[in-house]
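Take a look at the structure below.
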Number of protein chains: 2
Amino acid sequence: MVDQRVALRQEARRREVMAAAVAVFSERGYRATSMSDIAERLGMGKASLYHYVTSKEEILVDLYEEVLRENVIAARRIASAEQTALDALAELIADRVAYTCRNRELLRVFFEEEAELPARQQSRLISVRHEYEQTLLEMVARGEAAGEFQLTTTPQIFVNTVLGAANWTYKWFQPRGPLSPEELGSQMAAILLATLRNP
Amino acid sequence: MVDQRVALRQEARRREVMAAAVAVFSERGYRATSMSDIAERLGMGKASLYHYVTSKEEILVDLYEEVLRENVIAARRIASAEQTALDALAELIADRVAYTCRNRELLRVFFEEEAELPARQQSRLISVRHEYEQTLLEMVARGEAAGEFQLTTTPQIFVNTVLGAANWTYKWFQPRGPLSPEELGSQMAAILLATLRNP
DNA sequence: GAGATTTTCGACTGATGGGTCTAATTCACA
DNA sequence: TGTGAATTAGACCCATCAGTCGAAAATCTC
């Protein structure tokens, strides 16, 4: 009973620490950020941080774990969607863009700090990324086989082009701009899939 | 006479240092790279490095300067091209992709170490980027005004989408793959401009 | 409100890294 | 082969930083 309460409070505080870490890592970079920087942002001393976290590296690994988890879920959702390959692609791209725009700071860290990960996590990262990409490739292959559309390039190149455009949004999306992440997502999907609609 | 020879030799050696720095920065990140790492890669002691370079920061600034210079040149070339807006766009994208693929390591540093730049360089970076983007936007506006094509989104969004796809190539292009940077460039241009060819 | 538990932190440690100093070594040229 | 400049580097300095320790506050429980 009591343990529960304490555990929950700690959990919540831990999340605050992670959020602060994301903010600072994103702004200065993982390596350039000291534990004191994170602590300062929370108005606490560096030593206190270690009550919620065991190491700086653990923070980074956990952040990656969070994004990776989301990736796995997204990949599953994609694979099980019952719709035209074209529709599925559109939904996927819009989703991906929206997610990226909603978590710009986290994804900046995710995309730019790969080299800081311990080897274990690095291979997990690669394998999840591969799985995600594979799902996408299969989707494209399905659409092509069904005669829904025709590519002018390798599926691989098409997929990389699309993902590049979508991922890059963490660098330029403005949350105070006129478009919501979802609106931007569907507009970008339209741009990126235009090549499929006419040969 | 003699000074010339010496100056040239030093210049050449300096370039080797910069190249080594790019390689290591790209692999481990700027902050995680020590001067000894760079020196080691060249088979020399850390102290020797300082004969060719005055500080670690200077190396980074110079690398940015190099890319920035290329950007300015590219922007000028774009602006002065006498051709259809559509053709110009295609050429530009292909160019951009090819350049990025040919200098993957340098561009990884360029895109991922912005936060490490001193304020002076950071504003220069922003202004050059802005200029480049502006040129692109004008090109799109010209094509639209001339009735060459019609956008389904803001020019800004279209441009960001295109640049995202092009820039992202530093993350996945494989120099040992079947496609040359130029071939990939023109294929990607086709994908990205398809949206302009039919409403 | 005593006693246990949780949370906080000041002070410390060991390691790393940017940059310097001084001196040895190599090189170009006469 | 001698001389002065160019090149190299070992040892050193100082700042920063991840992580620890012990103890003081703050909080909770009954």
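Throughout, protein chains are lettered first and strands after them, A, B, ... in sequence-line order, and every chain is numbered starting at 1. Hydrogens, waters and symmetry mates play no part in the numbers below; they use all other heavy atoms, side chains included.
Using a 4.0 Å cut-off between a side-chain N of Lys or Arg and a carboxylate O of Asp or Glu, A/E114 and A/R129 qualify as a salt bridge. Between B/R102 and B/E182, at least one side-chain nitrogen of the basic residue sits less than 4.0 Å from a carboxylate oxygen of the acidic one, meeting the salt-bridge criterion.
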Chi angles and distances behind the salt bridge (Lys or Arg N to Asp or Glu O under 4.0 Å) call for B/R15, B/E11: CA-CA 6 Å; B/R15 263 193 291 274; B/E11 183 76 19; 3.5 Å; yes
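With A/R31 as the partner, the salt bridge (Lys or Arg N to Asp or Glu O under 4.0 Å) test is satisfied by one option alone out of A/E116, A/E113, A/E57: A/E116. Here the rule is side chain to side chain contact (heavy atoms under 4.5 Å, CB included) with B/R96, and of B/N71, B/I78, B/T169 only B/N71 fits it.
One can place CG of A/L8 at 16 Å from C1' of D/dC28, the figure rounded to the nearest angstrom. Nucleotide C/dG18 holds its P atom 12 Å from the CD atom of B/E116, rounded to whole Å. Atom pair A/E11:CD and C/dT7:C1' shows a separation of 17 Å (rounding to whole Å applied). Atom CD of B/Q10 is separated from atom P of D/dA6 by 7 Å (rounded to the nearest Å). The interatomic distance linking B/E40 (CD) with C/dG18 (P) rounds to 13 Å, in whole Å.
An OP1 or OP2 oxygen of D/dT8 is reached within less than 4.0 angstrom by a side-chain nitrogen or oxygen of B/R13. A close approach under 4.0 Å does not occur between any side-chain nitrogen or oxygen of A/R9 and OP1 or OP2 of D/dT27. Between B/S48 and the phosphate of D/dA9, there is a side-chain N or O to OP1/OP2 separation shorter than 4.0 Å.
The environment of CD in B/Q174 is sparse: at most 12 heavy-atom neighbours from other residues, nucleotides or ligands sit within 6.0 Å.
Taking the six-membered ring for Trp, A/F111 and A/W168 have ring centres at least 6.0 Å apart.
With 3.5 Å as the limit, one finds a donor-acceptor pair spanning the side chains of B/E112 and B/Y170.
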With 3.5 Å as the limit, what N/O pairs link the protein to nucleotides 17-21 of chain D?
from, atom 1, to, atom 2, distance (Å)
D/dA18, OP1, A/T33, O, 3.1
D/dA18, OP1, A/K56, NZ, 3.1
D/dA18, OP2, A/M35, N, 2.7
D/dA18, N7, A/K46, NZ, 2.8
D/dG19, OP2, A/Y50, OH, 3.3
D/dG19, OP2, A/K56, N, 2.8
D/dG19, N7, A/K46, NZ, 2.9
D/dG19, O6, A/K46, NZ, 2.7

Anything under 3.5 Å between a protein N or O and an N or O of nucleotides 23-25 of chain C, put it in a table, one pair a line.
none

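Across A/K56 and A/T33, no two heavy atoms sit closer than the pair NZ-O, 2.7 Å.
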